[in-house]
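I have placed the structure first, in the form of structure tokens, so that the comments after it can refer back to it.
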There are 2 protein chains.
Amino acid sequence: MEDYIRILKGTKLFSGIAEDEISLMLSCLDAHLREYRKGEYVFRQGEYISTIMMLVDGELHIQQDDYWGNRSIISHISAGDMFGEAYIAPESGALLNDVVAVEDSTVIFLDAKKIMTVCSSACRFHSIVVQNLFFAISEKNRKLVMKLGHISKRTTREKLISYLSAESRRQNSSDFTIPFNRQQLADFLSVDRSAMSNELCRMRNEGLLRFDKSRFTLLLPEKN
Amino acid sequence: MEDYIRILKGTKLFSGIAEDEISLMLSCLDAHLREYRKGEYVFRQGEYISTIMMLVDGELHIQQDDYWGNRSIISHISAGDMFGEAYIAPESGALLNDVVAVEDSTVIFLDAKKIMTVCSSACRFHSIVVQNLFFAISEKNRKLVMKLGHISKRTTREKLISYLSAESRRQNSSDFTIPFNRQQLADFLSVDRSAMSNELCRMRNEGLLRFDKSRFTLLLPEKN
DNA sequence: TACCTTTTGTTGTAAAAACAACTGATATGT
DNA sequence: ACATATCAGTTGTTTTTACAACAAAAGGTA
């Protein structure tokens, strides 16, 4: 467990907590550790969880099989990421996803109830962790809403406009760089890459924007 | 303010708190109230907020204008709903949406910092509210992830399969009722209603499912 | 430099969705 | 019972997307 203190220090949950403090908190939070071999399931759909998980080594997929057996990958967890935090509320119900190791992985489990309830003992930093947890889930929330806003647009052009507008707003400039290449942007907006490439070029020809690689410039239409 | 205690009692944030306790907490949380006329803005994109809002009367839209001025409605707030809770983290940045009253509305503002920090005074129920807040945002989170899973499918059929599978799983039966009519389901999945209706009937003809109004039955394909 | 890989843009075709307009069916209210 | 409104399904047309295959450009490296 102690081997991973450094990793934990870099996570959102333990942000602002010193390494020796984390070490103390781990016992307070009833932390335990488990290793998984590649292909092993960490959780299966239908299980109930009462812990928050930190992946400290390896790689996991959160995936889902539909009624007819088609599998789809919901998200990708790397070392330092937290998962399961949205399922610790008592009315959360069962997990709707499988969590499976795609590489040999190491997971630290933290007792959710002990995180949520400020303990009477010496954990001076407990309330910081509670705040961190709340802020982390808030951030996930904001990102989800934004992405939903983009994806729920009907056409590829509208999705692009929605995403590029938001990015321009976020970076406070009509000229900005996005953190995706074309394929990644297409995956993010869940559209076909070539169709998207096509649409981008059409928009450029219409004078809506300019771009070079991942750098975009939005243009207001000329007044005639 | 006191007029709305009953409404507050029914909200997720104050769940499990008695009316007289809520009344006490309101001053502890530095609650204040403001009324808005239809069409008035509660917040504008770019503002920073440090409060959590409860809509106790009326109706709001959370909406967004893109770079070129096209407006789109992100979500719809009714009396008893909470909003803004995902923006109280210090690193949240500015609001990305406008919040506007579509009817005459009454909003109660609660100081976010005072909610997050357990106070020294007599609020025995403060920690319940903190938990409620966390659980509420968790629930929003789970719903967002699920919706994103459905919407990010490419075709209308896949979206339907994804949604109906999840609903079947949630209700633990291949036979279940959905909380939407056709138009609402189409809006939820952000597809065209008639195209969706079309697809549903095609799926029925292929023996994938049966439905009557909002009641659906999923069927496993016959073995030949 | 020559070779390989990755990334992006382009084209054509088939499939799917959006859109509009209409038909029944089923409420709802007077 | 009548008028009205709402909802679901259907059809035909236009627009958009997905998909596949390829070309061109950029970058890395042996």
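Values in this document were obtained by computation on a predicted structure and should not be read as measured data. In what follows, every chain begins at residue 1, and chains take the letters A, B, ... in the order their sequences are listed.
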*Would you kindly say whether A:Asp175 and A:Thr217 are connected by a side-chain donor-acceptor distance under 3.5 Å?*
yes
_For atom NZ of A:Lys153 and atom P of D:dT17, their distance in whole Å_ = 14 Å
*Can a side chain N or O of B:Thr155 be found less than 4.0 Å away from OP1 or OP2 on C:dA16?*
no
_Length of the CG-C1' vector between B:Leu189 and C:dA17, whole Å_ = 14 Å
*asked:* Heavy atoms from C-beta onward define the side chain here; which of D:dG9, C:dA27, C:dA18 lies closest to that of B:Lys213?
replied: C:dA27
*Can you check whether A:Leu218's main-chain N or O pairs, donor with acceptor, with A:Arg210's side chain at less than 3.5 Å?*
no
*Between A:Asp98 and A:Gln45, is there a donor-acceptor pair closer than 3.5 Å when you use the side chain of the first and the backbone of the second?*
yes
*Expressed in angstrom and rounded to an integer, what is the separation of A:Leu160 atom CG from C:dG9 atom P?*
11 Å
*Return the value, rounded to whole Å, for the distance between atom CD of A:Gln184 and atom C1' of C:dT7.*
11 Å
Could you go through nucleotides 19-22 of chain D and list every protein N or O atom that sits under 3.5 Å from one of its N or O atoms, giving the distance for each pair?
| unit_1 | atom_1 | unit_2 | atom_2 | d |
| --- | --- | --- | --- | --- |
| D:dC19 | N4 | A:Ser194 | OG | 3.4 |
| D:dA20 | N6 | A:Ser194 | OG | 3.4 |

*Measure from the side-chain N and O atoms of B:Ser105 to the backbone N and O of B:Ala101, and report whether any donor-acceptor pair falls under 3.5 Å.*
no
*Quantified as the angle between the terminal helix axes (five pairs each), what is the overall bend of the helix from C:dT1-D:dA30 to C:dT30-D:dA1 to 10 degrees?*
40°
*Look at the aromatic rings of A:Phe109 and A:Tyr36 and report parallel, tilted or perpendicular, splitting at 30° and 60°.*
tilted
*Go through the steps to decide whether A:Glu19 and A:Lys9 satisfy the test salt bridge (charged side-chain N to carboxylate O under 4.0 Å, His left out), and finish with yes or no.*
CA-CA 6 Å; A:Glu19 295 193 11; A:Lys9 183 169 162 45; 5.8 Å; no
*Given that A:Met196 and B:Phe211 both sit by DNA chain D, which one's nearest nucleotide is further toward the 5' end?*
B:Phe211
*asked:* Applying a 4.0 Å non-hydrogen cut-off, can you work out what A:Ser197 is touching in the nucleic acid: base, sugar-phosphate, or nothing?
replied: base
*Round to the nearest Å and state the distance from B:Asn181 atom CG to D:dG9 atom C1'.*
14 Å
*Classify the nucleic acid contact of B:Phe180 as base, sugar-phosphate or nothing, counting any heavy atom under 4.0 Å across all strands shown.*
nothing
*Roughly how many Å is it from CG in B:Leu200 to C1' in C:dA17, rounded to a whole number?*
14 Å
*Say whether A:Ser190 and B:Arg154, considering side chains only, have a donor N or O and an acceptor N or O under 3.5 Å apart.*
no
*asked:* Could you tell me how far apart A:Arg157 (CZ) and D:dT16 (P) are, to the nearest whole angstrom?
replied: 8 Å
*Would A:Glu47 and A:Arg44 satisfy salt bridge (charged side-chain N to carboxylate O under 4.0 Å, His left out), going step by step from the backbone distance to the final call?*
CA-CA 6 Å; A:Glu47 291 184 54; A:Arg44 285 181 190 273; 5.5 Å; no
_Test your reading of the model: is there a side-chain donor-acceptor pair from B:Asp212 to the backbone of B:Arg215, 3.5 Å cut-off?_
no
*asked:* Tell me the interatomic distance from A:Glu199, atom CD, to C:dG9, atom P, rounded to whole angstroms.
replied: 13 Å
